[in-house]
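Model, not experiment: these values are computed from the prediction.
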Amino acid sequence: MSASVVTRFAPSPTGELHLGNARTALFNWLLARRSGGRFVLRVEDTDAGRSTGDFVEALLRDLRWLGLDWEEGPDRGGPSAPYRQSERGANHAADFAALEAAGVVYPCFCTPVELEMARRAQRAAGQAPRYAGTCRVLDAPARANRLAQGLRPSMRFRVPGGRHIGFTDLVHGPLEFLSDDIGDFVVRRADGTAAFFFGNAVDDAAMGVTHVLRGEDDLANTPRQMLELEALGRATPSYGHLSLLLGADGVPLSKRHGATSLRELREQGYLPVAIRNYLFRLGHSTPEHGLLGPVAMADAFDPAHLGRAPARFDEAQLHAWQKAAVHRLSPEDARRWLAQVLPGDVPEAAVAAFVEAVLPNVVFPEDARPWVETIFRAAPVLGAEEARAVAEAGPHFFAAAAAAAEAGRGELGAIVRAVRETTGRKGAAVYGPLRLALTGQTHGPKLAALLRALPVTETVHRLGRFA
Ligand code: GLU
């Protein structure tokens with residue numbers, strides 16, 4: 001693939017960006033990045049009833065948060081502006097004029113009710129419903145007559161008979177469609193706006209898009225789009241139709257599978273690098289096992305490795321990537337990521353020590369909250385079983401521990417040595433009671449690291465209370 005690769009993401013802003021669309025965006029972005037090409041963001045906001053400006057803003061924010069960037073888009077313009085489809089009426093009008101001049105379209109006066117009746121009749125006769133061609137055969141006087149009645153026609157594409165429309169799909173390989181299976185389709189609605197799959201195709205052509213990775217649900221429209229572009233003398237991009245993203249239950253991923261919008265995942269504390277790494281392996285196989293950064297991921301992306309089988313969303317895997325991503329956070333990034341649960345009234349050094357101590361033990365910021373309580377609030381009250389274990393260790397144990405804590409500035413090694421010498425205990429018989437007295441828990445972050453976050457006076461107090 002050469003440097004002239006141009007890919008795009010063309011979302012309809014009718015809702016929040018969810019994992020399925022994010023995967024499509026990521027794959028197109030990677031395809032552009034791996035070849036030093038361009039990535040275009042076009043907002044397909046022609047469904048005025050469902051598209052809102054808020055969704056457009058949220059979409060841009062979510063894409064940026066995920067770590068994607070674009071050379072051309074509604075926020076930054078570019079050589080093929082505008083990048084909001086609703087503003088491309090003049091471009092579309094020029095294309096309609098070209099189709100008319102080429103004689104490949106005709107006005108259609110059929111009403112929605114007439115079309116529905118025709119479809120029902122076809123279904124009843126066991127035929128696949130498609131436009132019956134009623135207005136294809138109207139002669140000039142008949143058309144003039146209808147126009148004179150004030151009827152506003154849509155514009156239909158005259159599909160040529162007997163054609164084989166073939167292309168090599170980047171995911172599915174060679175595919176072939178018969179034009180005889182395709183009814184004449186609307187390219188311009190009666191209100192003058194572009195039909196969705198017309199605007200989509202001509203905008204790709206106008207923006208120089210060379211490769212389109214999109215959902216499999218658009219596959220059936222591809223031969224129509226190829227006919228449109230051919231009639232306009234425009235190049236057809238290479239299409240790749242991505243397998244559907246399903247929930248664990250085999251049903252297309254949706255709200256009922258829980259948090260699947262990027263906003264929800266971000267609010268839970270998911271890191272963008274975790275989501276990118278998970279999506280990268282969703283319907284795309286790769287020999288790379290580790291967490292990949294953007295450049296390595298672009299190098300490793302291979303459209304030949306896109307799978308045809310539906311991909312299933314597995315929260316446990318996303319979780320595993322999140323864990324790997326959290327463990328790789330730099331101290332500063334970890335601090336920012338945990339900010340919402342960190343106390344504001346604690347010395348800087350203690351917070352830094354705390355973050356370092358808990359990071360290996362948390363997957364989401366909320367997981368750190370109980371440890372904030374344990375370390376920065378009152379000494380933990382022990383449960384009955386924990387109190388028994390502490391009593392079993394005995395007052396000498398804790399007297400030695402508290403004294404060593406005081407003398408050794410709360411350093412764990414000094415405390416452990418003193419307890420060993422005083423009691424003759426070893427290993428878990430030393431660490432277990434210490435951990436219980438200090439944290440109230442049998443498990444948790446490394447004790448030595450936690451002690452670096454705890455004020456020495458507090459360490460002495462927590463140990464000394466059992467002496
Ligand atoms: N606006 C369409 C969608 O959101 C894009 C289809 C395409 O990628 O060609 O589904």
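Heavy atoms only, all atoms of each residue included: Thr423 and Val419 are closest at OG1-O, 2.6 Å. When every heavy atom of Pro360 is checked against every heavy atom of Ala357, the shortest pair comes out as CD-O, 3.4 Å. What you find for Trp371 and Phe354 is that their closest heavy atoms are O-CE1, 3.5 Å. Of all heavy-atom pairs between Leu229 and Ala205, the closest is CD2-CB, 3.8 Å. Scanning both residues, Ala325 and Ala274, for their nearest heavy atoms gives CB-CB, 3.9 Å. Annotation for Arg8 and Ala10: closest pair NH1-CB, 3.6 Å, computed over non-hydrogen atoms.
Between Glu16 and Arg61, none of the side-chain N atoms (NZ, or NE/NH1/NH2) sits under 4.0 Å from a carboxylate O, so this pair counts as no salt bridge. A salt bridge does not link Asp333 with Arg328: none of the charged nitrogens is closer than 4.0 Å to a carboxylate oxygen. Residues Asp203 and Arg234 are not paired through a salt bridge, judged by the lack of any N-O separation under 4.0 Å between the basic side chain and the carboxylate. A salt bridge does not link Arg369 with Glu373: none of the charged nitrogens is closer than 4.0 Å to a carboxylate oxygen. Salt bridge absent: Glu332 and Arg335 never bring a charged side-chain N and a carboxylate O closer than 4.0 Å.
Residues Thr14 and Phe55 are not in side-chain contact: their nearest non-hydrogen atoms beyond the backbone lie 4.5 Å or more apart. Counting heavy atoms from C-beta on, the side chains of Leu451 and Leu454 come closer than 4.5 Å.
For the pair Trp65 (side chain) and Pro272 (backbone), a donor-acceptor distance under 3.5 Å is absent. The closest donor-acceptor contact from the side chain of Arg276 to the backbone of Leu66 lies under 3.5 Å. Between the Gln225 side chain and the Phe197 main chain, a donor and an acceptor come within less than 3.5 Å of each other. Of the possible donor and acceptor atoms, one in the side chain of Glu71 sits under 3.5 Å from a partner among the backbone N and O of Phe39. When atom types are taken as modelled, the side chain of Asp204 and the backbone of Ala201 share no donor-acceptor pair closer than 3.5 angstrom. Judged by distance alone, the side chain of Arg452 and the main-chain N or O of Ala352 form no donor-acceptor pair under 3.5 Å. A donor-acceptor pair is defined here as one N or O able to donate and one able to accept, closer than 3.5 Å; no such pair exists between the side chain of Arg417 and the backbone of Ala404. Between the Glu392 side chain and the Arg388 main chain, no donor and acceptor come within less than 3.5 Å of each other. Looking only at distances, no side-chain donor or acceptor of Arg42 sits under 3.5 Å from a matching main-chain atom of Arg84. Here the side chain of Trp29 pairs a donor or acceptor atom with the backbone of Asp69 at under 3.5 angstrom.
By the 6.0 Å contact criterion, CD on Glu216 is enclosed, its count of non-hydrogen atoms from other residues, nucleotides or ligands being greater than 12. Within 6.0 Å of atom CD in Glu315, 12 or fewer heavy atoms from other residues, nucleotides or ligands are found, so the atom counts as exposed in its surroundings. For NE2 of His461, the number of neighbouring non-hydrogen atoms (other residues, nucleotides, ligands) closer than 6.0 Å is greater than 12. Atom CD of Glu385 sits in a sparse spot, with 12 or fewer heavy atoms from other residues, nucleotides or ligands closer than 6.0 Å. In this structure, Arg409 places its CZ atom where only 12 or fewer heavy-atom neighbours from other residues, nucleotides or ligands lie under 6.0 Å away.
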Apply side-chain contact (heavy atoms from CB on, under 4.5 Å) to Leu329 and Leu271, showing your working. CA-CA 10 Å; Leu329 284 174; Leu271 293 164; 4.0 Å; yes
Hey, mind stepping through Glu44 and Ser12 against side-chain contact (heavy atoms from CB on, under 4.5 Å) and telling me if it holds? CA-CA 5 Å; Glu44 302 207 312; Ser12 305; 4.0 Å; yes
Evaluate the criterion side-chain contact (heavy atoms from CB on, under 4.5 Å) for residue pair Thr236 and Glu230; output intermediate values, then yes/no. CA-CA 8 Å; Thr236 305; Glu230 180 191 79; 5.9 Å; no
Using side-chain contact (heavy atoms from CB on, under 4.5 Å), reason through Asp299 and Glu288 one step at a time and then give a plain yes or no. CA-CA 11 Å; Asp299 286 345; Glu288 304 282 343; over 6 Å; no
Kindly indicate, with the supporting measurements, whether the criterion salt bridge (Lys or Arg N to Asp or Glu O under 4.0 Å) is fulfilled by Glu267 and Arg263. CA-CA 6 Å; Glu267 284 171 6; Arg263 179 189 54 79; 3.1 Å; yes
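For Phe280 and His305, the gap between ring centers reaches or exceeds 6.0 Å. Checked against the 6.0 Å centroid threshold, Phe198 and Phe185 do not count as a close aromatic pair.
If you take CZ on Phe9 and CG on Leu213, they are separated by 11.5 Å, rounding to the nearest 0.5 Å. Rounding to the nearest 0.5 Å gives a distance of 12.0 Å between CG of Leu282 and CG of Asn277. Annotation: the span from Leu245 atom CG to Phe313 atom CZ amounts to 8.0 Å, rounded to 0.5 Å. The distance from the CD atom of Glu458 to the CG atom of Leu463 is 10.0 Å, given to the nearest 0.5 Å. Separating the NZ atom in Lys446 from the CG atom in Leu412 is a distance of 12.0 Å, to the nearest 0.5 Å. Distance CG/Leu26 to NE2/His284: 9.5 Å, rounded to 0.5 Å.
There is no side-chain donor-acceptor pair under 3.5 Å between Thr439 and Arg435. Side-chain atoms of His211 and Asn28 include no donor-acceptor pair closer than 3.5 Å. There is no side-chain donor-acceptor pair under 3.5 Å between Arg88 and Ser80.
With sequence neighbours left out, Phe167 forms a ring-ring contact (aromatic ring centres under 6.0 Å, His included) with no residue at all.
Using cut-offs of 30° and 60° for the angle between ring planes, the His241 and Tyr239 rings count as parallel.
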